[in-house]
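Notes follow once the structure below has been shown.
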Amino acid sequence: MADFDAIYQVVSLIPSGRVTSYGAIAGYLGSKGGARLVGWAMNASHGQASIPAHRVVNRNGVLTGKNFFGGNRMQELLEAEGLTIQNDQIQNFHSHFWDPSIELL
DNA sequence: GTGATGACTTGAG
DNA sequence: CCTCAAGCCATCA
């Protein structure tokens, strides 16, 4: 569970209007070779309001877990952050991408 | 302990 | 960017 805590920290450090990918977090932590674990952590943090899981998407910039958020909740949150979502996918995703291993340093 | 599942990633075509 | 296939790790049955 300690791994999940590290993921929670990184996700909670994501600035507003920014998004990151599971692989970026997994790569930053490096300890676990699986981006799936990040997704698992998100699933565990599902009830944590302090965890902006809506800012975490897959490498394609697609809101993979929007279904888990309960409808368009995730998209609405991201749009509220100033992002543009279309077809469950973040537009200009690369510009909004936030890499912990680079931005967090 | 084994097998199956999952909010994923990467490489090749 | 799309599709197919293989890999990785933790959790659950």
Side-chain angles (χ1 to χ4, degrees):
Chain A
M1 294 294 183
D3 313 320
F4 285 17
D5 188 37
I7 296 174
Y8 296 156
Q9 287 295 314
V10 177
V11 175
S12 63
L13 284 170
I14 300 176
S16 199
R18 290 292 179 108
V19 263
T20 189
S21 55
Y22 301 90
I25 299 175
Y28 175 68
L29 298 176
S31 306
K32 310 308 169 201
R36 302 195 119 137
L37 279 306
V38 182
W40 251 103
M42 294 292 96
N43 190 20
S45 71
H46 192 258
Q48 307 288 330
S50 306
I51 311 299
H54 57 268
R55 292 180 188 155
V56 186
V57 297
N58 65 352
R59 73 166 180 99
N60 247 351
V62 181
L63 285 56
T64 44
K66 92 153 207 174
N67 199 13
F68 282 63
F69 261 75
N72 53 351
R73 188 99 145 265
M74 191 173 186
Q75 178 174 335
E76 291 290 300
L77 286 167
L78 287 170
E79 287 182 335
E81 304 269 322
L83 298 176
T84 309
I85 315 296
Q86 200 163 91
N87 194 12
D88 298 342
Q89 187 169 343
I90 299 176
Q91 301 302 299
N92 205 359
F93 170 62
H94 197 75
S95 295
H96 293 296
F97 185 70
W98 181 82
D99 192 344
S101 63
I102 298 177
E103 309 270 342
L104 197 58
L105 282 176

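Sequence lines set the chain letters: A, B, ... in the order given, protein chains first and strands last, and positions in each chain run from 1.
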>> Heavy atoms within less than 4.0 Å of DNA chain B: which residues of residues 58-76 of chain A have one? Give them sorted by number.
In response: Asn58(A), Arg59(A), Thr64(A), Gly65(A), Phe68(A), Phe69(A)
> What are the two closest non-hydrogen atoms of Arg55(A) and Ile14(A), and how far apart are they?
Replying inline: NH1-O, 2.7 Å
>> Just to be sure I understand the geometry, which residues of residues 12-21 of chain A put a non-hydrogen atom under 4.0 Å away from DNA chain B?
In response: Ser21(A)
> Could you state the OH-C1' distance from Tyr8(A) to dA7(B), rounded to the nearest angstrom?
Replying inline: 13 Å
> Ala53(A) near the nucleic acid: base, sugar-phosphate alone, or nothing, with a heavy-atom cut-off under 4.0 Å?
Replying inline: base
> Whole Å only: how far is the CG atom of Asn43(A) from the C1' atom of dC12(C)?
Replying inline: 12 Å
>> Which is more 5' along DNA chain C, the nucleotide nearest Trp40(A) or the one nearest Arg36(A)? Just name the residue.
In response: Arg36(A)
>> Donor-acceptor pair, distance only, cut-off 3.5 Å: does the side chain of His46(A) make one with the backbone of Phe68(A)?
In response: yes
>> Looking at every heavy atom in both Ala6(A) and Leu29(A), which two are closest together, and how far apart are they?
In response: CB-CD2, 3.8 Å
> Under a single-linkage definition using a 4.5 Å side-chain heavy-atom cutoff for Ile, Leu, Val, Met, Phe, Trp and Tyr, are Leu83(A) and Val62(A) assigned to the same hydrophobic cluster?
Replying inline: no
>> If you compare all heavy atoms of Tyr22(A) against all heavy atoms of Asn58(A), which two are closest, and at what distance to 0.1 Å?
In response: CE1-N, 3.4 Å
>> Applying side-chain contact (heavy atoms from CB on, under 4.5 Å) to Val19(A) and Glu81(A), what does each step give before you reach the verdict?
In response: CA-CA 10 Å; Val19(A) 263; Glu81(A) 304 269 322; over 6 Å; no
>> Rounded to whole Å, how long is the line connecting atom CD1 of Ile7(A) with atom P of dT11(C)?
In response: 11 Å
> Rounded to whole angstroms, how far apart are CG on Leu29(A) and C1' on dA10(C)?
Replying inline: 15 Å
>> Measure CD1/Ile90(A) against P/dA7(B) and give the value in whole Å, please.
In response: 18 Å
>> Rounded to whole Å, how long is the line connecting atom NE2 of His46(A) with atom C1' of dA7(B)?
In response: 9 Å
>> If I compare all heavy atoms of Trp98(A) with all of Thr20(A), which pair ends up nearest, and what's the gap?
In response: O-OG1, 2.9 Å
> Once you round it to whole Å, what is the distance between P of dC8(B) and OH of Tyr22(A)?
Replying inline: 6 Å
> Which pair of heavy atoms, one from Tyr8(A) and one from Ile51(A), lies closest together, and at what distance?
Replying inline: CB-CD1, 3.7 Å
> For Ala53(A) and Met42(A), which heavy atoms make the closest approach, and how far apart are they?
Replying inline: CB-SD, 3.7 Å
